[in-house]
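Let me begin by presenting the structure, written as C-alpha cells, before commenting on it.
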Amino acid sequence: MPVEVKGFIELRRALREFQPEAAKATNRSLKEAMSMFVRKSKGFVPSHAPNGLSRWGAPPKYGPFLQGQRPFPSFDATLMRKGIVSKTTPSKANRSGFRSLARVENRSAAGVIYETAGRKTHGDNPRSRSRNPKASAWFFAHLPALSKADSPKWQGRLIFRAYEEDNGKTTAKVIAAVLDRTKIFNITGGTKEKI
Amino acid sequence: MAMQDAQVRIDFATQFDGRALARAEKQFQTFQRTLKGVAKSLGVTLSVAAVVAYSKASVKAASEDSKAQRVLANQLANVGLSFEKIRVENFISQMEKTTGILDDELRPAFAQLLRVTGSVTKTQELLGVAFDAGAGSGVGFTKAISILSQAYVGNYKSVRQLNLGLTQQELKTISVNQLIDLMKTKFKNAGAESVSALDLLSVGLKNVQEQFGFGLTDSFALSKDKENLDKLTKSMDDLQKSAYVVGRIVGGTISGISALVRFISKIPTSLPAVVGKSLKGIVEDYEKSKAKAEEVTAKQRAQNEAARRKAEMDAIARNKAIAAQQKSALLAQQKSLALQKLSNFLRQAQKVFDNEAITLAAAAQGKLTDEERARLKLKQDIYDLEQAINDGNVDAATKIAQTLYTDAQYLGQLRSGMLSLSDVPDPFKAWLETLKEILATLPKTLPIIPPTSGMPSWMDPRYTQGVSPAIMYPGASALTPASSAGDVSSFRYQAMADYYAQQSNATVNIQINPAVAGLINVIQDQSASGVSPTVNRINTSYIA
C-alpha cells in the first residue's frame, strides 16, 4: 500500500521556484531510493522465454490484422528490462483523487504479460469458446508462480514480486528521502539559491 | 515500444489532490442539466410515495445486511481472525456476483463453516463445493452448507441426501478430504450452470437497495429534524401502493434494456448534484473512511500474515486429528469384530470338548494317551486364547489361533482312524472350518499377519501390502547397524528410507555397517592382489 504524503507536490513546486538544484537533488534522491528495487525487479526477467514457450521468444508473425489490432507481443528480455523504470513526476490523479509521487512502472507489453498472466483466471474457464481453450492454461503452467499477496492486484512476477520480497524497505527509503528534503528546505527557510 | 500511461505500477508515495474531484463535480453538474432535459422530454416525474416506499425497504435491507456483517465479524473475531474481515467481505461480494446468491445467505454460511474449519481459506473452498453440491444434488445451498459443516467433523448422517453413490460401508470408511474431492468431481460446474442472468440482476438490484438504505440511514442519523423524521416514517406506511405504479411507469417509459443500463449507470454520478449536497464532501468523506478502514501498516501486515499462517496450521492439525480419530474408531471396530468372532468360536468349542472328562481321566490314570495329550494341549490353547481376548491383544490372539488350528488338525488326524470304524459324526470338522474361516479373514480386516515360521526377513509380505515399516519394525530405527547386521537387513533400511522420505520434515540417516565396510576393504585387497573375491554368508556373518 502506498504511503500518503501531504504537501509534497507544493514542496517540489517551491523547490523548483526557489532552489532548482535542490529540486533536481530531490528527484535524484527519490530515484536512488528506488534504484535497488528497479535493479531487483529487472533481475527477475529471465533471459529467454520459459521452457515450453519458446515460440513466445520468436518474432511475431504479422498477419492480416484489422485496424487497431496488433500481434501478441513477443518475449524480448532486453525490452522487458528497459520497460521497468522508476518515475518521480507526479502522475494524474486517479478516480479517488490520489496522485503518485514516486513509483516503479512496468511499461513494456511483454513485461506486463509476464508480470500479470494468471492473476484473474487459471485457464480453466468451462465456458470458453476459444478454438484452443487450453492455450491459456498451458501458458500459465509454464510461467513461474505469482508472488503471494492477499489481493490478486498485488500479485506478479517482476515488480510485484520485488515489492513482496522488499518488505517495505523501498517505501521507507522513499519516505526518508522526502522527509530529508523537507527538513533541508525548512532549515534553509526557502531562501533562493545563488546561481 | 508503446509507452502509454502504465497501468502496472507500484506507488510508493501518493498525495491526495482535491482539484481532480472538483473537476469531476463540474462534469456531474453538466450531466445533471442534461438529465433534467431528458426527463422533461420523457415526461417522467418520480412520485414521492414511490421514493418513500423504496426508501423504507432499502433501510430494512441495509439493516439486515449490517446485522449479518456484524455477526460474521464477531465470528471472525472469535476464531482470532478479525483482521480477515475485509478479505472475507471482498470474497463474499465476489461470490455474490458470480453465484447469484445474496450476501444475506452467504454470510451466515461462511460463519457456519468457519466455526468448524477455523480457516478462511478452507471455508472459501468449502463454500464453492457447497454451491456446486447444492445445485447439483438439488438440496439447495443452505442445506448443502449444513451437510458439509457436519461432515467436516465426521458426522456423515446427512451426506446420503447428496446421493453421491456411496454404500453405507463406504460412507463409514471415507475420510473428509476424500468426501470433499468426491463432491468436487460429482458436482463439477453444477453451480455455474445453474446461475441465470436474472439471478445476477436480482443480486445487483438488491445491493443497490442496500446501499441506498445505508446512505439514507446515515443521513437520518445525522439529521436533527426529529419532528419531520417522525412524519416521514409515518407517511411511509400510507404510500406503499404507489411503488408498484411507479415501477410500471418507469419500466414502460424506459424502453429496452440498454437504455435502462445507461440510465442506471448515470444515476451515481448525477444523484448527489440532484439532491444538492456537495459532491466533494460526500466523496471525500467516503474515500477517507474507506482508506482509513483499509489502511494496514507493514508491521500489521506481518502480524496478520503470521496469525493467518497459524490459523491455517491449526486448521490442518484439526483436520488431521479428525481423520486420525475416524481411523482409530474404525480400527477399534474391526478389532472388536475380530475378537467377537474368536469368542464365538470358543463358545462353539465348549460344546465339542468334554473338559471335565479329560481332567478326570488324567487324574484317574496318571498317564495320558496321545489323543488326551492333544486335547489337553488344545485346552491350554483355548485358555490362552481366552486370556488374549480378555486382554484385547489381537496379535497374540491371532498367533494362538494359528497354533490352535494346528493342534486341532493333529487331534483330528488321531481321531480319523476311530471315526472311520463307526458312524459317529466328526465334531471337529465344522469347528475347524470356522477357525479356518476366521484365520483367512483376519489379515484382510486388520493390519496384522499370522506368524510365519522360517520366513526370511526380506520376504516379509507386509511390505508388499503397503504396511508401514515403522509398524512392521518398531524397534529397527533404534538398532545400531553394528548390533543388527543380521536383524535389520539392507532391505529394511531401504524400506524405512522410502517410508520416511515420503514424510515431510523427516531426516533419514543411513549408516554403513562397520562390519560390511571391513568386508569391502577385504574384497578390494583381494581384487588388488589378483585373487577373485567370493563372499559367503554363514548365519549372520559374512566371510570373504
Side-chain angles (χ1 to χ4, degrees), chain A residues 1-10 30 33-34 37 41 70 73 76 79 82-83 85-87 90-109 111-112 115-116 126-127 148 150-151 154 156 158-160 162-163 167-168 170-175 177-178, chain B residues 1-25 83-88 90-91 94 98 120-121 132 188-193 195 268-269 279-280 283-284 286-288 290-292 294-302 304-305 308-309:
Chain A
M1 296 286 283
V3 176
E4 186 187 352
V5 181
K6 286 181 179 171
F8 189 62
I9 294 176
E10 291 75 12
L30 285 176
M34 291 184 288
F37 186 91
S41 303
R70 61 173 179 165
D76 185 338
L79 211 59
K82 268 188 184 174
V85 291
S86 60
K87 290 276 175 187
S91 67
K92 285 196 285 185
N94 63 11
R95 280 185 293 181
S96 307
F98 285 92
R99 298 176 74 180
S100 170
L101 307 176
R103 61 195 175 277
V104 171
E105 298 180 347
N106 184 357
R107 307 193 70 152
S108 66
V112 170
E115 174 93 66
T116 61
R127 295 179 182 176
K148 305 287 178 198
D150 292 345
S151 163
W154 287 87
L158 301 176
I159 61 172
F160 286 94
Y163 184 77
N167 282 327
T170 306
T171 309
K173 281 184 198 171
V174 168
I175 298 304
V178 169
Chain B
M1 183 167 56
M3 293 285 187
Q4 296 174 352
D5 268 359
Q7 296 298 316
V8 179
R9 71 184 196 199
I10 291 176
D11 298 330
F12 292 105
T14 56
Q15 181 170 341
F16 182 76
D17 187 359
R19 286 181 305 165
L21 286 173
R23 278 197 298 273
E25 189 174 16
F83 60 88
E84 296 277 35
K85 187 182 165 191
I86 294 170
R87 183 180 161 208
V88 169
N90 287 341
F91 172 78
Q94 284 300 319
T98 51
V120 171
T121 312
D132 283 340
K188 191 178 179 184
N189 294 333
E193 294 301 330
V195 178
T269 53
L279 171 70
K280 190 178 172 183
V283 176
E284 276 183 1
Y286 177 73
E287 287 295 340
K288 278 181 184 171
K290 192 180 171 189
K292 195 174 177 183
E294 291 184 359
E295 188 179 328
V296 181
T297 62
K299 191 180 174 186
Q300 278 174 331
R301 195 162 51 184
N304 291 350
E305 187 56 41
R308 186 180 298 130
R309 206 176 297 121

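Throughout, protein chains are lettered first and strands after them, A, B, ... in sequence-line order, and every chain is numbered starting at 1. All values reported here derive from a predicted model rather than from experimental measurement.
Under the 30°/60° scheme for interplanar angles, the aromatic rings of F160(A) and W154(A) are found to stand perpendicular.
At a 4.5 Å heavy-atom cutoff, the contact between I175(A) and chain B is made by side-chain atoms alone. At a 4.5 Å heavy-atom cutoff, the contact between S100(A) and chain B is made by backbone and side-chain atoms alike.
Ranked by heavy-atom pairs under 4.5 Å with chain B, the list A172(A), G168(A), A162(A), S91(A) is led by S91(A). In terms of heavy-atom pairs under 4.5 Å with chain B, the best-connected choice from L30(A), V104(A), T170(A) is V104(A).
The backbone N or O of V8(B) lies less than 3.5 Å from no partner atom in the side chain of N106(A), so there is not a single donor-acceptor pair. One N or O on the side chain of Q15(B) and one on the backbone of I9(A) form a donor-acceptor pair closer than 3.5 Å.
Salt-bridge formation is not detected for the pair R87(B)/D150(A): no Lys NZ or Arg NE/NH1/NH2 atom is positioned less than 4.0 Å from an Asp or Glu carboxylate oxygen.
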